[in-house]
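This one's a predicted model, so the numbers in the text were calculated from it and none came from an experiment. Each ligand, and each atom within it, is numbered from 1 in the order the structure gives.
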Amino acid sequence: MTLTTRAQDFHFDEMTYQKEATTFKLFAPADAKAVKVRIYKQGLGGKAVKTVKMTYADGLWTCSVAGDLMGMFYTFDMGRGETPGVFAKAVGVNGQRGAIIDMASTNPREWTMDRRPVTKSPVDLVVYEMHHRDFSIARSDARYPGKFLALTEPWAIGHLQQLGVNAIHILPSYDYGSVDETRLDKPQYNWGYDPVNYNVPEGGYSTDPYRPEVRIREFKEMVQALHRAGIRVILDVVYNHTYDIDHSNFQRTYPDYYYRASPNPSEGGEKGSSAGKVYSNGSGCGNETASEQPMMRRFMMESVKYWIEEYHIDGLRFDLMGCHDIETMNKIRQMVDAIDPSVMIYGEGWSAGACALPESQLGMKANISKMPGIAAFSDEIRDALRGPFSDDTKAGWLGGAPNCEESIKYGIVGGIRHPQVNMAQVNYAKTPWATEPTQMMAYVSCHDDMCLVDRLKASIPSLKSLNAQSVNEELIRLDLLAQTAVFTSQGVPFMLSGEELLRTKLGVHNSYESPDSINHLDWSNKQTYPQVFDYYSKLIALRKHHPAFRLGDAGLVRKHLEFLKASPVPSEGGENVPTSPDLSKGGVVAFRLKNYAGRDDWRNIIVVLNASRQAQQVTIPAGHYTVVCRDGVINESGLGTVSGSQVTVGRQSALILHD
Ligand code: CA
């Protein structure tokens, strides 16, 4: 496709308000027929009060509409269905029409004083992934359950601060289509991976989706409140696909430009309205966008920039980053660096199907070394801990599966090359894909899968008899052990909201449209299982207080992190549980952070993770140590001391010592 000079200056659709007249611009094909702007009094329904033809010149369609249009709504129409364009900044209910508002009026008080909390390195972040509705809908004291504003409330801020997380990653919060904003009196639920307007907050999370300025102001109030509490806000961005092609704002303004065609039509995704065209389906949702196209690349860059500058967003999580080309991701990183290098970028380093570009050009995990400053999720540590994504009933290391230790070690070092990690024994990656530990997200669960409790119950025979709501000591032990591996990893730690409350989704794996009864957090668990919240918060505090756990540099990790010989001898005592031969051989990962790593106050820190159902003895460098974590209890000022070169770690638990 040849773009004219002016389009290559990257204008999308624009609406420029002036009291006397408002001008509109649209990036649409030169041969489009009868491109019009329609002006409405409402965001939905009613007839257009004005329809004005646009004229084409120099790569753009433009027109000027006389009169004071403040408070009015508009659409572009080129015969494919009305659309607010691809870059509307304010919209009416359900995002069908653009809105003409005064953006300055959407700023909360003191918005210009808002500053992002200081972060030196991504590994200093503790990322908490949450859905607005999950988090607050069942909270009896919430004033704004299920809304952006819930995150301004003292109970919410208090919980996050008490837990110690310093970055929340909010599931799609741009305007998506699957919740009907005209029916918010009825419970509706969706994760929101069906973008409509990429550059406007979702109306369903606002207190009034009909008034365009409300969702914008409330989103900003949320960011401001979190920033004041020292918490960063990371946005989940889904540029890789749209719900469908024919109804998308992309297709309605520039048909076929923004999507990749299938190189192999018999295996392609949906068929669009263009005759004979079959689209590629790397997203698994029927289509995939074409980030390598100059205007799609520019769209992503401008959108990211807009969220950072207008909404003060502190980080971005790219859905199916493996659908985007490497060059685009690097250009986004460079652009963001020019604004603020501390804005974090990470993504899913995979796609959900074959893309129309070769994998060598895509933002895959295996290509992270070509994307400096961008991180990807480690499915190595996730699946080694809890079992494979493909089969919920299969256990990982936590359930006694053999040969998981090397993959956990790979996750502990932050996905980098390390002389003591044998990549031949790692579950997925056969070469270390991260250049720096800041490029690896360490996690055991996230939204699009079973939560940890459910997965443990589904995969571990001794827990299968528990019903969905019940909990036993073994379940708690394994839950705490799993997160200890995550939070002592040199990568960037990431947790799913509610794990600190032993969240259950009643065994539902893909709960994207499940009701609140499946997805909501059960806040009563904070009182029912206080030891769980206590452990999580103290584990996070331990990481934050001790730079040895977050060295942030591959050379320092290789220098200071040393795995201890994992040849544990079953100790006397423990439970009278018959031990399988596999368990007595494996199940332990032990490492030392030595010689004041990261200028830590502690000289040496030893971490022993034991998934086996028996206590184990581990040989450590001889010394006199203070115990700070043992048998599911953490106390940084000490739980006692041990001397010598042999320590015992309790069954299914972590032991952390220092000297
Ligand atoms: Ca919406």
Side-chain angles (χ1 to χ4, degrees), residues 13 40 42-45 73-76 81-101 103 106 130-137 144-151 170-223 235-253 285-286 289 299 303 306-307 310-311 313 319 447 512-516 519:
D13 33 274
Y40 294 89
Q42 296 111 1
L44 190 71
F73 296 84
Y74 65 92
T75 62
F76 299 99
E82 290 179 70
T83 165
V86 302
F87 222 105
K89 293 172 177 169
V91 295
V93 68
N94 279 339
Q96 297 191 358
R97 294 175 186 162
I100 301 168
I101 64 165
M103 281 300 279
T106 65
M130 54 157 284
H131 183 279
H132 296 286
R133 199 165 171 101
D134 297 359
F135 187 74
S136 55
I137 199 71
Y144 301 104
K147 306 294 182 190
F148 293 133
L149 287 180
L151 286 170
I170 45 177
L171 258 63
S173 298
Y174 52 72
D175 178 35
Y176 60 81
S178 49
V179 162
D180 182 351
E181 299 173 9
T182 67
R183 298 175 62 244
L184 295 180
D185 51 325
K186 304 267 190 305
Q188 298 178 69
Y189 186 93
N190 208 283
W191 283 343
Y193 290 92
D194 55 310
V196 176
N197 291 293
Y198 280 98
N199 302 302
V200 184
E202 161 60 17
Y205 299 136
S206 76
T207 58
D208 187 351
Y210 289 87
R211 290 164 56 213
E213 68 282 8
V214 172
R215 62 179 78 188
I216 299 172
R217 184 181 307 118
E218 290 176 350
F219 191 103
K220 290 175 177 176
E221 286 175 9
M222 169 187 75
V223 172
L235 194 65
D236 192 340
V237 288
V238 188
Y239 299 114
N240 68 83
H241 72 273
T242 52
Y243 177 74
D244 70 358
I245 291 181
D246 280 350
H247 296 91
S248 85
N249 295 329
F250 288 141
Q251 192 73 354
R252 285 179 170 187
T253 55
C285 301
T289 55
F299 177 80
S303 178
Y306 181 67
W307 280 104
E310 182 70 29
Y311 289 95
I313 283 293
D319 187 61
H447 72 278
Y512 78 101
E513 58 174 4
S514 299
D516 293 334
N519 279 308

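- Between Tyr193 and His447, the ring planes are parallel. Angles under 30° get that label, and only those over 60° would be called perpendicular.
- Looking at residues two or more places apart in sequence or on another chain, you find no salt bridge (Lys or Arg N to Asp or Glu O under 4.0 Å) involving Asp194.
- Here the two rings, on Phe250 and Tyr198, have centers that are under 6.0 Å apart.
- Looking at residues two or more places apart in sequence or on another chain, you find no salt bridge (Lys or Arg N to Asp or Glu O under 4.0 Å) involving Glu513.
- Among residues two or more places apart in sequence or in another chain, the salt bridge (Lys or Arg N to Asp or Glu O under 4.0 Å) test is passed with Arg217 by none.
- Side chain to side chain, Gln96 and Tyr40 fail the donor-acceptor criterion of an N or O pair below 3.5 Å.
- Protein N/O/S atoms found under 3.0 Å from the Ca ion (ligand 1), listed by chain and residue number: Asp175 OD1, Tyr176 O, Glu181 OE2, Glu202 OE1.
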